[in-house]
2 protein chains.
Amino acid sequence: MSINPYWPNPNANSTTPAPAKTLVQATYDAMREDILSGLLGPGTKLRADKLKDRYDVGASTLREALNLLVGEALVASEGQKGFRVTPMSEADFQDIVRVRKQLETQALRESIAHGDDDWEAGLVGAFHRLTKIEERLQEDPSGLSGEWEVRNRGFHAALIAACPSRWLHYFISILFHQSERYRRISLSRSHTNGGSAKRDVHAEHEAIFNAAIDRNADLACELTEQHIDRTLSFLTDKGFFQHLQDMENR
Amino acid sequence: MSINPYWPNPNANSTTPAPAKTLVQATYDAMREDILSGLLGPGTKLRADKLKDRYDVGASTLREALNLLVGEALVASEGQKGFRVTPMSEADFQDIVRVRKQLETQALRESIAHGDDDWEAGLVGAFHRLTKIEERLQEDPSGLSGEWEVRNRGFHAALIAACPSRWLHYFISILFHQSERYRRISLSRSHTNGGSAKRDVHAEHEAIFNAAIDRNADLACELTEQHIDRTLSFLTDKGFFQHLQDMENR
DNA sequence: ATTTTACGCATTATCGAGAATTTTTAAAAG
DNA sequence: CTTTTAAAAATTCTCGATAATGCGTAAAAT
């Protein structure tokens, strides 16, 4: 994947030998994963020495990766005072959810309108992959969550893959990563504050999938909005936002 | 302004001495201006030596600024082959216009709904500033266009200033800069291909302003959509997009 | 004539050191 | 005791040099 998701990778479906990843990109990928997983918690001060040690790169390379993450709003640059993992807040997540609903439903509509057989095939495949791992995950909830993230991302990408708007894709991918951070961090830490009716994520995915394949745009969008909304109410019910201060300021 | 527009500058309305701009930020600002003005045309290969010479900075500083611009999709990073000013195309601008309409109308609605007296005051002031320079520009169309860009940006920002969604603001500012590049480059080069009915931009601004002050959200959004649409038809009528290939590949 | 290989040049990517800035610590003044 | 001032330490920012990679040219092979 190219650094900037908006501009497509020319080697997408080709047989050219290797992606030839640059060190900056590798560092960027690694750091993003560490931020999304919560290993680098919200608000964490990103000191050069520590990070140079952790990722084993020079100062410049590190700062380039950092500046790349600033563009995705996963890292905030503070004047002459270094970098910091972007803080999290309930208001921020509500905002993400609102805008994400608007953009994803729009993209889904256009995707359903433009989608051809290839789109359907890709969607069926992505849903199948996701189904398999969700079955496996239900029996054995240990591990595998990394792979689930990949397939969940793939399914949601396949849904809107036929939408021709590059800018929608770009913005949606940013917001998706933002959401992913909230979800993953909320799961990795125990905040079992309240009940929060058990959520059948797979059923939600299946319903969206069926509506999309049936070309029922209105229903698919409705279900997508609910799907996204539930990520918010899920975290709220869990009392996740009350624990945010605890993990800041390291 | 902080590098990442999404996260507000804590020194916004304070009396603290100086913004203490970092060299990276200065270079980033200068390069962005050069790209938006067309001085660095679409598709231009950004060679390190030339740019080091032009902006008088070291290699690392330069690359940091470059990576910042990648996040705004004004610069594209090509694997291991350096950087390049993002190309322009008719399809891209159509996409920008579509998404921009959707986001700006949404933000305008929320702004009109939430706006208080301070918002109105800011809007009146911004409109006044814009009016003055547009009057001056009508008599003497030479120069001043740089200042017009600033005030036009300010007016559009004031319209949606009361919208509470940080993410909408962030995405809109990206798309606004993208649009600005198309508009400015189309004006700086002579492509008087066809008639293109003379456009009274000030009248459009005035109509939007009045609708916003009247809290007529539907009308204001309608007018905003037309306003944005006209930037597209204006360039199309001018035959701008037929000249795009000419200015690539330097 | 076309393709392949090898070489030298141009450009990019990476690093570590030094300069500039902020933060911390401690002493001095009120 | 609190505030101010000043030096020291820690951290960030910037630069130029070096290593790695890609590109163009020309000789060699098919």
Side-chain angles (χ1 to χ4, degrees), chain A residues 1-4 7 9-11 14 16-31 40 43-71 75-86 248-250, chain B residues 1-4 7 9-11 14-31 40 43-71 75-86 249-250:
Chain A
M1 172 168 102
S2 75
I3 289 186
N4 180 352
W7 295 103
N9 184 349
N11 297 344
S14 92
T16 20
K21 243 207 239 171
T22 190
L23 233 190
V24 172
Q25 289 179 36
T27 309
Y28 160 79
D29 286 341
M31 277 189 64
L40 295 172
T44 305
K45 190 82 208 304
L46 296 170
R47 260 189 214 80
D49 308 352
K50 306 259 184 187
L51 297 181
K52 268 174 57 174
D53 187 40
R54 180 201 281 261
Y55 299 106
D56 196 44
V57 293
S60 301
T61 304
L62 186 68
R63 289 177 58 87
E64 282 189 44
L66 249 1
N67 280 315
L68 237 15
L69 287 164
V70 168
V75 164
S77 161
E78 312 185 314
Q80 211 124 255
K81 291 178 277 219
F83 297 87
R84 184 177 290 272
V85 177
T86 303
E248 302 239 344
N249 311 326
R250 309 191 183 182
Chain B
M1 171 168 105
S2 75
I3 287 186
N4 179 351
W7 295 103
N9 184 351
N11 296 343
S14 93
T15 54
T16 19
K21 243 207 239 170
T22 190
L23 233 190
V24 172
Q25 290 179 36
T27 309
Y28 160 78
D29 286 341
M31 277 189 63
L40 295 172
T44 304
K45 190 83 209 302
L46 295 170
R47 263 190 209 79
D49 306 351
K50 306 258 184 186
L51 297 180
K52 269 174 58 175
D53 187 40
R54 182 202 280 260
Y55 300 105
D56 196 43
V57 293
S60 301
T61 304
L62 186 67
R63 287 177 60 87
E64 283 188 43
L66 249 1
N67 279 315
L68 237 15
L69 287 164
V70 168
V75 163
S77 162
E78 310 186 314
Q80 212 121 257
K81 291 179 279 210
F83 297 86
R84 184 179 291 272
V85 177
T86 302
N249 311 325
R250 311 191 183 185

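A note on names: the letters A, B, ... follow the listed sequences, proteins ahead of strands, and every chain is numbered from 1. Quick caveat, the model's predicted, so the values are computed rather than measured. Values below: every heavy atom of this structure, side chains too, minus hydrogens, waters and symmetry copies.
- Nearest to the side-chain atoms of A/Arg47 among the listed nucleotides D/dT11, C/dT14, D/dC13 stands D/dT11.
- Closest contact between the side chain of A/Leu23 and the listed nucleotides C/dT12, C/dT22, C/dT14 involves C/dT14.
- Side-chain contact check for A/Val70 versus A/Phe83: some heavy-atom pair is nearer than 4.5 Å.
- Closest to the B/Lys81 side chain, of the nucleotides D/dC23, C/dA13, C/dT14, is D/dC23.
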Would you tabulate the pairs of protein nitrogen or oxygen atoms and nucleotide nitrogen or oxygen atoms of nucleotides 16-19 of chain C closer than 3.5 angstrom?
unit_1 : atom_1 : unit_2  : atom_2 : d
C/dG16 : O6     : A/Ser60 : OG     : 3.0

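- Using a 4.0 Å cut-off, some side-chain N or O of A/Thr61 falls inside it from OP1 or OP2 of C/dC15.
- Contact check, A/Arg63 against D/dC13: a side-chain N or O comes under 4.0 Å of OP1 or OP2.
- Here C/dC15 presents its C1' atom at 12 Å from CG of A/Leu62, a figure rounded to the nearest Å.
- Residue pairs meeting the salt bridge (charged side-chain N to carboxylate O under 4.0 Å, His left out) criterion with at least one member in residues 51-60 of chain B, sequence neighbours excluded: B/Asp34-B/Arg54.
- No engagement by B/Leu66 is indicated, since no non-hydrogen atom pair under 4.0 Å with the nucleic acid exists.
- Rounded to whole angstrom, the span from the CG atom of A/Asp53 across to the C1' atom of D/dT11 amounts to 16 Å.
- Taking only side-chain nitrogens and oxygens, B/Lys45 never comes nearer than 4.0 Å to OP1 or OP2 of C/dT11.
- Listed by chain and number, the residues in a side chain to side chain contact (heavy atoms under 4.5 Å, CB included) with A/Lys50 are A/Arg47 (sequence neighbours excluded).
- Within the 4.5 Å cutoff, no side-chain heavy atoms of A/Glu64 are placed close to those of A/Tyr28.
- Rounded to an integer number of Å, the gap from OH of B/Tyr55 to C1' of D/dT14 is 18 Å.
- B/Thr27 places a side-chain N or O within donor-acceptor distance of the main-chain N or O of B/Leu23, the cut-off being under 3.5 Å.
- For the pair A/Leu62/A/Met31, a side-chain contact is recorded, criterion being any heavy-atom separation below 4.5 Å from C-beta on.
- Side-chain atoms of B/Thr22 lie closest to D/dC13 of the nucleotides C/dA13, D/dC13, C/dT22.
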